[in-house]
Amino acid sequence: MHYFLKNVPERTQKPRDKGFTMAMDKGLSVRQAEDFLSVTGEYVDIIKLGWATSYVTPNLEEKLNVYREAGIPFYFGGTLFEAFIARNQFDDYRKVLDKYKVPFAEVSDGSLDMDHDIKCEYISKLTDQVTVLSEVGSKDEEKIIPPYKWIELMQKELDAGAWKVIGEARESGNVGLFRSSGEVRSGLVQEILTKIPFEKIIWEAPQKAQQVYFIKLMGANVNLGNIAPNDVIPLETIRLGLRGDTFDHFLNQ
């Protein structure tokens, strides 16, 4: 930091297991990726190439090299995994992970109806190849999963070998953990936390109000995901109580 301030919460240091920021690349150019990391590299822990954007992104290998050289792991969105599974191409998906030397993989079923035991089998198989993140929740805003079911699904996926589980919100933040208005399903979140350790969950929270909620609930070192590149620095100030939204929250701690 450039100067000293008292009563600023202590942030975990990279490589961190909590206080994790997952940024979403929805189609950055190579130059944009370089510019993005020149400012935010200290604060980004992992980058997701959203849904199946890697399929159509020009200069993909060149951009991935930017992330590799910066020492920041990346992965392709869970919708790409589902697209391969829907076409019975799991082995081809594994070849893609090898081809691009992808260190992480996201296993999800937000768009595809999948038996949960089969999903857990995919998680288990992929742990032999990469570090697995598994996503819980549906992209269908009409599909409401009760809290006990979220807990059950998350625990089974962790038991199957997932490193962390992701709470679904989409890049818009209006499904899964959130109502269509973007409001947090706070009862759901707090129920999940009674059974699943907070450091094992990445909460997708693309909207500022959502980020503020999780930081006030769990502190500066909560894991947050689906953060837009331009929001990484603003998020860090929210984590540190240096933006109006959390200004008073950490002053007396």
Side-chain angles (χ1 to χ4, degrees), residues 12 14-24 44-52 54 72-86 90-91 93-94 96-98 100-139 145-171 175-177 188-189 191-205 214 218 221-227:
T12 52
K14 295 174 69 173
R16 47 187 154 233
D17 188 54
K18 59 184 179 180
F20 207 75
T21 294
M22 177 262 277
M24 179 181 275
V44 174
D45 297 279
I46 192 167
I47 294 170
K48 172 166 71 174
L49 280 71
W51 56 101
S54 59
I72 298 178
F74 55 85
Y75 65 101
F76 300 154
T79 301
L80 182 67
F81 163 80
E82 294 179 50
F84 274 94
I85 298 306
F90 180 58
D91 287 342
Y93 176 73
R94 300 188 75 162
V96 168
L97 298 180
D98 285 340
Y100 291 101
K101 299 180 177 63
V102 184
F104 283 72
E106 180 182 325
V107 174
S108 66
D109 56 356
S111 300
L112 178 68
D113 286 331
M114 186 186 306
D115 180 88
H116 194 248
D117 287 341
I118 292 175
K119 181 182 181 184
C120 288
E121 287 179 14
Y122 285 127
I123 293 170
S124 181
K125 289 176 182 177
L126 284 169
T127 55
D128 293 335
Q129 182 176 0
V130 293
T131 300
V132 176
L133 299 165
S134 67
E135 185 178 69
V136 175
S138 174
K139 289 179 168 58
I145 303 172
Y148 82 90
K149 194 65 176 178
W150 279 81
I151 293 168
E152 179 185 318
L153 297 174
M154 285 181 164
Q155 189 59 62
K156 285 184 176 179
E157 292 176 23
L158 289 168
D159 292 343
W163 178 58
K164 294 188 188 298
V165 288
I166 301 170
E168 169 74 80
R170 301 196 74 172
E171 76 281 2
V175 298
L177 297 168
L188 167 63
V189 170
E191 188 73 16
I192 290 171
L193 288 170
T194 65
K195 299 294 184 181
I196 307 296
F198 90 102
E199 67 271 13
K200 299 301 291 184
I201 306 170
I202 299 175
W203 309 93
E204 292 187 343
F214 286 115
M218 285 172 269
N221 292 305
V222 61
N223 301 316
L224 297 175
N226 281 15
I227 308 302

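All residue numbers refer to positions in the sequence shown, counting from 1.
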Are any side-chain N or O atoms of [X] and backbone N or O atoms of [Y], one a donor and one an acceptor, separated by less than 3.5 Å?
X: Lys164; Y: Asp17; value: yes
X: Lys14; Y: Val44; value: yes
X: Trp150; Y: Gly137; value: no
X: Glu191; Y: Pro147; value: no
X: Arg94; Y: Lys125; value: yes
X: Asn226; Y: Ala205; value: no

Inset, instruction - List the steps and the verdict of side-chain contact (heavy atoms from CB on, under 4.5 Å) for Leu49 and Leu80. - result: CA-CA 10 Å; Leu49 280 71; Leu80 182 67; over 6 Å; no
Shortest non-hydrogen contact from [X] to [Y]?
X: Thr79; Y: Ser111; answer: OG1-OG, 4.5 Å
X: Trp203; Y: Val222; answer: CD1-CG2, 3.6 Å
X: Gly110; Y: Glu82; answer: N-OE2, 3.1 Å
X: Ser108; Y: Glu135; answer: CB-OE1, 3.6 Å
X: Ile202; Y: Gly225; answer: CG2-N, 3.7 Å
X: Gly176; Y: Leu188; answer: O-CD2, 4.2 Å

Inset, instruction - Assess whether side-chain contact (heavy atoms from CB on, under 4.5 Å) is satisfied between Met22 and Ile227, documenting all intermediate values. - result: CA-CA 6 Å; Met22 177 262 277; Ile227 308 302; over 6 Å; no
Legend entry - Working for side-chain contact (heavy atoms from CB on, under 4.5 Å), residues Asp98 and Gln129: CA-CA 9 Å; Asp98 285 340; Gln129 182 176 0; 3.0 Å; yes
Legend entry - Pair Phe20 + Trp163: ring centers closer than 6.0 Å: yes
Inset, instruction - For residues Phe76 and Phe81, establish whether the separation of their ring centroids is below 6.0 Å. - result: no
Inset, instruction - State, with a plain yes or no, whether a side-chain heavy atom of Met218 is found less than 4.5 Å away from one of Lys18. - result: no
Inset, instruction - Evaluate whether atom NZ of Lys200 has more than 12 neighbouring non-hydrogen atoms of other residues, nucleotides or ligands under 6.0 angstrom away. - result: yes
Inset, instruction - Might you confirm whether atom CG of Asp113 has over 12 heavy atoms from other residues, nucleotides or ligands at distances under 6.0 Å? - result: no
Inset, instruction - Start with the C-alpha gap between Thr21 and Leu224, add the side-chain angles, then the distance that decides, and say whether side-chain contact (heavy atoms from CB on, under 4.5 Å) holds. - result: CA-CA 5 Å; Thr21 294; Leu224 297 175; 5.5 Å; no
